[in-house]
Amino acid sequence: MASLPSVAVTRTLKLDPDFRKHPTVEKSKHLISEKSDTDPFGWKFRNKVGGLPRSTFNDERGDEPQIAIQIFQEMLEAGAYPTNYTLGTALNACSSLYSVMLGKQFHAYIIKYQIDFDTSVGNALCSFYSKLGNLESAIKAFQRIREKNVISWTAVISACGDNGEAARGLRFFAEMLTEDIIPNEFTLTSVLSLCCTMLSLGVGAQIHSLTIKLGYMSSLPIKNSIMYLYLKCGCISEAEKLFDKMETFSLVTWNAMISGHSQMMDFAEDDLSAYRSGCEALNIFFKLNQSGMKPDLFTFSSILTACSRLVAVEQGEQIHAQIIKSGFLSEVVVGTALINMYNKCGSIEKATKAFVEMDTRTMILWTSMITGFSQHGQSQQALQLFEDMRLAGVRPNQITFVGVLSACSHAGMVKEALSYFEMMQKVYKIKPVMDHFACLIDMFVRLGQLNEAFDFIKKNDFEPNEFIWSLLMAGCRSHGNLELGFYAAEQLLKLKPKDTETYVLVLNMYLSAGRWKDVSRVRKIMKEEKLKKLHDWSWISIKNKVYSFKPNDKSHFHSADIYKLLENLLDQVKSLGYESLETLEVTNGDEEKTYSSTAYHSEKLAIAFALLNTPNAAPIRIIKSIFMCRDCHNFVKFISLLTAREIVIRDSKRLHKFVNGHCSCGEFSCLF
DNA sequence: CTAGGGTTAG
């Protein structure tokens, strides 16, 4: 180990007196015992217990990095020399405080004494910059280390992973191997985590055999990481094999299982298995509770996300109660997941209540709430909240602006949308991405301003993606501008989308225009691309039991009653002005059963079932595997008016909350 | 001085 040059260091590291006012320190106030102006670092507390609280020296919650820094300063004032190890520990305290300013002072000190080549100091600098989100500086710190050890390599690899550059992390790992450095358990768990984010089962399996070769398979973190990798890559049986073989569990094991199943919902082969994955996440969560182990913030945020995907608000509410009891409600990630759960289940009121009660508001929390208002069609509230966020001094990101722009689009606020679009680029230096363009195109399309939409594309010089072309095509179709519609359809086909729903849209447009040649051409492409068939499924959960419906489903016990009620409802809503769109549309892309009457789409059956089996005023919540067709959307609006029920349907594209004959989506579905 | 599990999007 390199030692420090013997230079008098007294008072060379002068802490900025204002450092306590740094917002991150402000946020950590609760960590400081009996804070007062004359005793900002809790000296009284230290004196009372006759020494430092134990937690100062470990990594658990409740450690007090301010005290560590204060002692470091005291040490310098006393004329003692820090060792390279002391400096590393002090830098760690800076990381815990997320204090850029303080850390940079340490860095300046390190540069002054020319010890950045030292292994321990360099390692600490690398992870400090990584935690602040400054990957380039972290890599520079790593590169200046003269003798890089396994810790240095692990630090730089996980720095890449933590800052969204997993592939770069893998390249460092490869380089490490060529330098003949043997990875340890820490390195391999980091590398496995990279494979998880990249969903790279190939590399992951190689790492798996490497861990066996190196004899690390007894390590619990290693086992957890491998199990999680298989889960995330969809190899459930492999993951379960490992899980069953494990004699010891940690909470991380449970959490990996829960979040693995929850995330699998997004990658599942078909919608039914996605739904089952979500239910499995809930089952594992219940088993965890029975095991006597206490869930933590990771558990709660994963399970709430599973609930939101399942639109399982009853289960979500029970978990909410458990969170209150266990004291995790103040954790901002849990709060964010909770707000998101209520939003996705159509309960904007409960989401708002949870938001108001949060005392820490991160950018993601603000963004979730803004997006929630936007998805519920409450554009004014979304924009007001965005202004509040700016006033609170929180910097919005790309996703925040997706929420803001979609709020404008929803309300047809062209002027405001364009001004926020400009603000995003000029004030916040955020480059627009496809989602931002999509919001603006969506706005023009909803207003029927198709030429403006095409002009916008030309003016902004970008290549629209599948989603935007399908918006344009659908808009052209519903506003009767067939020429532009055909053009958009051709652009769409050129992109060869992998999404069956998109082809169904194209097919329907050609069908309704009677362009049979194009119809068969599109069908041929669909066959060539070997696209999955679409299945129109709806699910509803009543009293903890799940019922699923497919179109024209007659398999249910109450089938006759369901159809009788549906006929009856049809008659009633017709008298209220509902006209069924009798056009037969392609709903599944299946050669055999190309046409299916809209009259018995799955959500209609699910609603009839819910009306028969739930109390009079109870809201109805349905999850649907594909997007709602125009006819169903219109029908459900009338049903909500007729029955005075709140009906929430989450389809594959967005949230629809029907109240008194209106839908929160702002007639988005009428395009399709 | 280095690890495994978590939150926002059309």
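Values reported hereafter were calculated over all heavy atoms of this structure, with side chains retained and with hydrogens, waters and symmetry mates removed. The structure presented is a predicted model; accordingly, all values stated were derived computationally and were not measured. We name chains A, B, ... by the order of the sequence lines, and we start the count at 1 in each one.
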### Message
What contact category does A:E466 fall into here, base, sugar-phosphate, or nothing, at under 4.0 angstrom with non-hydrogen atoms?
### Response
nothing

### Query
What about the rings of A:F106 and A:F128, do their centers lie closer together than 6.0 Å?
no

#### Entry: Pair A:S120-A:N123, side-chain donor/acceptor within less than 3.5 Å
no

### Message
When you measure from the side-chain N and O atoms of A:N92 to the phosphate of B:dT2, is any distance below 4.0 Å, counting only OP1 and OP2?
### Response
yes

### Query
Roughly, in whole Å, what's the span from CD1 in A:I399 to P in B:dA9?
7 Å

### Query
Roughly how many Å is it from CE in A:M424 to P in B:dG10, rounded to a whole number?
15 Å

### Query
For A:L91 and B:dC1, what is the distance between atoms CG and P respectively, to the nearest whole Å?
10 Å

### Query
When you measure from the side chain of A:R654, which nucleotide among B:dG5, B:dG10, B:dC1 comes out closest?
B:dG10

### Query
With respect to the side chain of A:S219, which nucleotide from B:dC1, B:dA3, B:dG5 is positioned closest?
B:dA3

### Task
When you get a sec, tell me which of B:dG5, B:dG4, B:dT8 is the closest nucleotide to the side chain of A:N397?
B:dT8

### Query
Reckon A:Y85 has a side-chain N or O less than 4.0 Å from the OP1 or OP2 of B:dC1?
yes

#### Entry: Distance, rounded to the nearest Å, where A:N184 contributes CG and B:dA3 contributes C1'
8 Å

### Query
So which nucleotide from B:dG5, B:dG4, B:dT8 ends up closest to the side chain of A:F298?
B:dG5

### Query
Considering only heavy atoms and no angle criterion, is a donor-acceptor pair shorter than 3.5 Å present between the side chain of A:T189 and the base of B:dA3?
yes

### Task
Keeping the roles fixed (side chain from A:H261, backbone from A:M257), state whether a donor-acceptor pair exists under 3.5 Å.
yes

### Query
What's the shortest heavy-atom distance between A:N340 and A:S308, and which atoms?
O-CB, 4.2 Å

### Task
From the options B:dT7, B:dC1, B:dA9, select the nucleotide whose nearest atom is closest to the side chain of A:T305.
B:dT7

### Query
Among B:dA3, B:dG5, B:dT8, which is the nearest nucleotide to the side chain of A:T367?
B:dT8

### Query
The side chain of A:S250 lies closest to which of these nucleotides: B:dG10, B:dG4, B:dC1?
B:dG4

### Message
Classify A:D435 by what it touches in the nucleic acid, base, sugar-phosphate, or nothing, heavy-atom distance under 4.0 Å.
### Response
base

### Query
Base, sugar-phosphate, or nothing: which does A:L220 touch, judged by heavy atoms less than 4.0 Å apart?
base

### Task
May I ask you to say what A:T336 touches in the nucleic acid, namely base, sugar-phosphate or nothing, with a heavy-atom cut-off under 4.0 Å?
base

#### Entry: Listed nucleotide nearest any side-chain atom of A:V402, set B:dA3, B:dG10, B:dC1
B:dG10

#### Entry: Smallest separation among heavy atoms of A:A159 and A:S130, with atom names
CA-OG, 3.3 Å

### Query
Is A:R361 close enough and on-axis enough to A:F355, meaning under 6.0 Å and within 45°, for cation-pi?
yes

### A:W153-A:F173 aromatic ring centre distance below 6.0 Å
no

### Task
Using a 4.0 Å heavy-atom cut-off across all strands, classify A:T253 as base, sugar-phosphate, or nothing.
nothing

### Task
Using atom CG of A:N255 as one end and atom P of B:dG5 as the other, report the distance to the nearest whole Å.
10 Å

### Task
Round to the nearest Å and state the distance from A:E147 atom CD to B:dT2 atom P.
19 Å

### Query
Of all the nucleotides listed (B:dC1, B:dG5, B:dT2), which has the minimum atom distance to the side chain of A:S120?
B:dC1

### Task
To the nearest Å, give me how far apart CG (A:L655) and P (B:dG10) are.
10 Å

### Message
What is the distance, to the nearest angstrom, from the CD1 atom on A:I222 to the P atom on B:dG5?
### Response
12 Å

### Side-chain N,O (A:K148) to OP1/OP2 (B:dC1) below 4.0 Å
no

### Query
So, is A:Q398 near the phosphate of B:dT8, with a side-chain N or O under 4.0 Å from OP1 or OP2?
no

### Query
Which nucleotide in the set B:dT7, B:dC1, B:dG5 lies at the smallest distance from any side-chain heavy atom of A:S301?
B:dT7

### Message
Counting only side-chain nitrogens and oxygens, does A:N123 get under 4.0 Å of the OP1 or OP2 atom of B:dT2?
### Response
no

### Query
Given B:dG5, is OP1 or OP2 found less than 4.0 Å from the side-chain N or O atoms of A:S193?
yes

